[in-house]
Amino acid sequence: METVTVKIRPHAETFTAEEDAALRRAGSIIQSGGLVAFPTETVYGLGGDALNRESSRKIYAAKGRPSDNPLIVHICRLEDMEKITCRVPQEAFRVAEAFWPGPLTMILHKSGLVPTETTGGLDTVAVRFPSDKTAGKLIEYSGGYVAAPSANRSGRPSPTLAKYVAQDMDGRIDMIIDGGRVGIGLESTILDLTVSPPQILRPGYVTEEMLSRVLKEIDTDVTILGTDSGQAPRAPGMKYRHYAPKGELTIVEGCSDAVIQYINGQTAAKQEQGERTGVICTSESRPRYSADAVKCVGSRGDEESIARNLFSALREFDDECVTKIYAESFEAAGLGQAIMNRLLKAAGHRVVQV
Ligand code: AMP
Ligand code: MG
C-alpha cells in the first residue's frame, strides 16, 4: 500500500481551502474503512472508524498490537459521548466540562453502537475529545467516531513528529497528516469512571491534583509506578512492553553528583567495549556528560519541556544507533508522575540507585 503524506500547518486553528480539502479526503478514507495517522495535542494517533469492526482489526494489524489492548474512541462534540456510552455517571459530565476538549480519556460503559473489536473485548469504552483543531476537523469529516491508538508499532515510543509515524507505518496505512511537532508529547491521562471512586489508570498531562478539583475522591492504579506489586494493571494495555528504544535503557536514581559520576563511569566503560552510548539529562547537567549522544530534555524545573522531548529523545537514539542509554530520574509528582511512568516502562523498570 502506498502511504500518502499531506501537510497541515502546525497547530492550525483554521484551515486554508487546500488544507480543508486534504482533511475531507482523510475523512473519506476513514469513512470507507481506511487508516489515517494524524496529530493531536498529546501524540500522533492512528485513526480508523471506531464503529467499523474491520477498521479496528486493521489498526491492530498495522500496529502489531495485541487485540486485547483496547483503542480510545475520539470524538469532536460532547453530545456524541452519549451515543457510544450508557449509564454515564454525573461525575463524567463534571470532568468533561473541566477538561474537554483536552488530553483526558474517560472509561465509560459502552453502548451497542461500539463493536467489541474496538474495545478489546470489554464492555467499557475509552472516550476522548481532543483539543487539537486538525484532529477535531478530521474526526468531524470521518463521521464523528475515530478509534486512535498512538501511531507507533506496538512497544515503540509514541510518535511526536510525522517522520516517526512514517518510520513505523509507511506502507501499512493510507495517509499521514503531518501537522508538525505535537504540543504535550505524552499520551492522555486515562480516568476510569465505571468504578467508584474514579480511578486513574494512566497518568498524563491532566494530573491527580487537577482532577481532585472536580472529583471528591480519586484512586490511582497502584501499578502506575510500581515494579513488583504483583498486580495486573487495570488498563489492559499497560501490561505490555511500551515506549522502548532499541538500545538498553537504564534509569539512574540518586543525588545529582553521584548520578553524573555513575553515568560517566558506565558510558566510558561501555564505549571501550564498542557500544554507542547515550544519556537523557537536563540542561543543568548536560555539560558534564561525555557519552556519544547526550539528549537534553529541558530544564529540571520545566516538566512540560521534559514531557514534550522525552519520546523524541528515545527515537533519536534509535536514529543514531545508540546501544546503551542512561537516563536521569525525575520527581514523580504532578506531571512528573506521567514522565516517570513512561520512562520506567521504556526502561523495562531497569533502575539503578547510586
Ligand atoms: P494508546 O491507544 O496507545 O494510547 O493506548 C490506549 C490505552 O487505553 C491502553 O493502555 C488501553 O489499555 C487503555 N484503554 C482503552 N480502553 C480501555 C478500557 N475500556 N478500559 C481500560 N483501559 C482502556
Ligand atoms: Mg500507545
Compare every heavy atom of Pro157 with every heavy atom of Asn152, then report the nearest pair and how far apart it is.
CB-O, 3.5 Å

Do Arg342 and Arg202 come close enough that some side-chain heavy atom pair is under 4.5 Å?
yes

Starting at OG of Ser196, measure out to CD of Glu217 and round the result to the nearest 0.5 Å.
7.0 Å

Does the pair Glu41 and Arg128 meet the rule for a salt bridge (Lys or Arg N to Asp or Glu O under 4.0 Å), with working shown?
CA-CA 12 Å; Glu41 69 274 26; Arg128 181 159 107 81; 2.8 Å; yes

Check ion pair Lys270-Glu275 (N to O, under 4.0 angstrom):
no

Okay, side chain of Thr105, backbone of Ile190: is any donor-acceptor separation there less than 3.5 Å?
no

Within the supplied structure, the quantity of interest is the number of heavy atoms (other residues, nucleotides, ligands) at a distance under 6.0 Å from Arg25 CZ; does it exceed 12?
no

Using a strict threshold of under 4.0 Å (side-chain N to carboxylate O), is an ion pair present between Arg315 and Asp319?
no

Please check if the side chain of Arg172 supplies one atom and the backbone of Lys63 the other of a donor-acceptor pair under 3.5 Å.
no

Close side-chain approach of Arg288 to Asp257, heavy-atom, < 4.5 Å
yes

List the steps, then state whether side-chain hydrogen bond (donor to acceptor under 3.5 Å, both in side chains) holds for Glu284 with Ser299.
CA-CA 7 Å; Glu284 292 79 4; Ser299 145; 3.1 Å; yes

Answer whether the closest heavy-atom distance between the side chains of Leu161 and Asp178 falls below 4.5 Å.
no

Asp292 side, atom CG; Thr277 side, atom OG1 - distance, nearest 0.5 Å:
3.5 Å

Shortest non-hydrogen contact between Ala147 and Ala50, atoms and distance:
N-CB, 3.5 Å

Side chains of Val95 and Leu191: closer than 4.5 Å at any heavy-atom pair?
yes

Ring centres under 6.0 Å, that's the criterion: do Tyr243 and Phe311 meet it?
yes

To the nearest 0.5 Å, how far apart are OG1 in Thr5 and CD1 in Ile177?
10.0 Å

Taking the basic N atoms (NZ, or NE/NH1/NH2) and the acidic carboxylate oxygens, is any pair closer than 4.0 Å for Glu248 and Lys324?
yes

Could you check Leu104 against Phe129 for side chain to side chain contact (heavy atoms under 4.5 Å, CB included), going step by step and ending with a plain yes or no?
CA-CA 8 Å; Leu104 177 88; Phe129 179 174; over 6 Å; no

Given side chains that start at C-beta, do those of Met81 and Ile75 come closer than 4.5 Å, heavy atoms only?
yes

Do Tyr164 and Ser312 come within less than 4.5 Å of each other through their side chains, counting heavy atoms only?
yes

Quick one: closest heavy-atom pair of Ile251 and Ser329, and the distance?
CG2-CB, 3.9 Å

With the threshold set at 4.0 Å, does a side-chain nitrogen-carboxylate oxygen contact exist between Glu303 and Arg308?
no

Side-chain heavy atoms of Ile200 within contact of Ile218, under 4.5 Å:
yes

Output for pair (Ser285 OG, Glu328 CD), nearest 0.5 Å, gives 3.5 Å

Could you walk me through whether Ser67 and Arg57 satisfy the side-chain hydrogen bond (donor to acceptor under 3.5 Å, both in side chains) test, starting with their C-alpha distance in whole Å, then the side-chain angles of each, then the deciding distance to 0.1 Å, before giving a yes or no?
CA-CA 8 Å; Ser67 60; Arg57 287 198 191 114; over 6 Å; no

For Tyr60 and Arg65, what are the C-alpha separation, side-chain angles and deciding distance, and is it a side-chain hydrogen bond (donor to acceptor under 3.5 Å, both in side chains)?
CA-CA 5 Å; Tyr60 289 107; Arg65 178 171 178 142; 5.4 Å; no

Between Glu140 and Lys137, is there a side-chain N and carboxylate O pair less than 4.0 Å apart?
yes

Is it true that Lys83 and Glu79 make a salt bridge, defined as a side-chain N closer than 4.0 Å to a carboxylate O?
no

Does any N or O in the side chain of Thr40 come within less than 3.5 Å of the main-chain N or O of Thr42, such that one atom is a donor and the other an acceptor?
yes

Minimum-distance pair of heavy atoms, taken over all atoms of Glu19 and Thr14:
OE1-O, 4.1 Å

First locate atom CD of Glu187, then atom NE2 of His242, and finally report the distance between them rounded to the nearest 0.5 Å.
7.0 Å

Donor-acceptor contact below 3.5 Å, side chain Tyr141 vs main chain Gly136
no

Roughly how far, to the nearest 0.5 Å, is the CD1 atom of Ile306 from the CD atom of Glu331?
10.0 Å

How far apart are the C-alpha atoms of Val4 and Asp174, what are their side-chain angles, what is the distance that settles it, and do they pass the side chain to side chain contact (heavy atoms under 4.5 Å, CB included) test?
CA-CA 6 Å; Val4 177; Asp174 299 281; over 6 Å; no

Side chain Thr3, main chain Ile173, donor-acceptor under 3.5 Å:
yes

Do Leu138 and Ile84 sit in one hydrophobic cluster, given that two such residues count as connected whenever their side-chain heavy atoms are within less than 4.5 Å of each other, even indirectly?
no

Between Ser111 and Leu113 (side chain of the first, backbone of the second, donor and acceptor by atom type, cut-off under 3.5 Å), is there such a pair?
yes

Could you state whether Leu310 and Tyr205 fall into the same hydrophobic cluster, counting links through intermediate Ile, Leu, Val, Met, Phe, Trp or Tyr residues with side-chain heavy atoms under 4.5 angstrom apart?
yes

Test side-chain hydrogen bond (donor to acceptor under 3.5 Å, both in side chains) on Thr118 and Ser56 and set out the steps.
CA-CA 5 Å; Thr118 301; Ser56 292; 2.7 Å; yes

Any side-chain heavy atom of His109 within less than 4.5 Å of one from Thr85?
no

Taking His349 for the side chain and Ala347 for the main chain, is one N or O donor matched with an acceptor at less than 3.5 Å?
no

Taking Asn309 for its side chain and Ser305 for its backbone only, find out whether a donor-acceptor pair lies under 3.5 Å.
yes

Do the side chains of Arg156 and Asp318 get close enough for a salt bridge, i.e. N-O under 4.0 angstrom?
yes

Are more than 12 heavy atoms, taken from residues, nucleotides or ligands other than Gln90, located less than 6.0 Å from that residue's CD atom?
no

Any sub-3.5 Å donor-acceptor pair from Lys58's side-chain atoms to Gly33's backbone N or O?
yes

Before giving the answer on salt bridge (Lys or Arg N to Asp or Glu O under 4.0 Å), spell out for Glu82 and Arg77 the whole-Å C-alpha distance, their side-chain angles and the decisive distance to 0.1 Å.
CA-CA 10 Å; Glu82 288 178 84; Arg77 291 171 290 254; over 6 Å; no

More than 12 heavy atoms of other residues, nucleotides or ligands under 6.0 Å from CD of Glu18: is that the case?
no

Linking Ile, Leu, Val, Met, Phe, Trp and Tyr by side-chain heavy atoms under 4.5 Å, what else ends up with Val294?
Val252, Val259, Ile260, Tyr262, Ile263, Val279, Tyr289, Tyr326, Val352, Val354

Is it true that atom CD of Gln261 has more than 12 heavy atoms of other residues, nucleotides or ligands lying nearer than 6.0 Å?
no

Say whether, by atom type as modelled, one donor and one acceptor occur between the side chain of Arg94 and the main chain of Val214 under 3.5 angstrom.
yes

Begin from the C-alpha positions of Thr160 and Ile184 and carry the test side chain to side chain contact (heavy atoms under 4.5 Å, CB included) through to its verdict.
CA-CA 9 Å; Thr160 52; Ile184 293 176; over 6 Å; no

Which heavy-atom pair separates Pro10 from Gly180 by the least distance, and what is that distance?
CG-CA, 4.1 Å

Hydrophobic clusters here meaning ILVMFWY residues chained together by side-chain heavy-atom distances under 4.5 Å, can you tell me if Val6 and Leu23 are in one?
yes

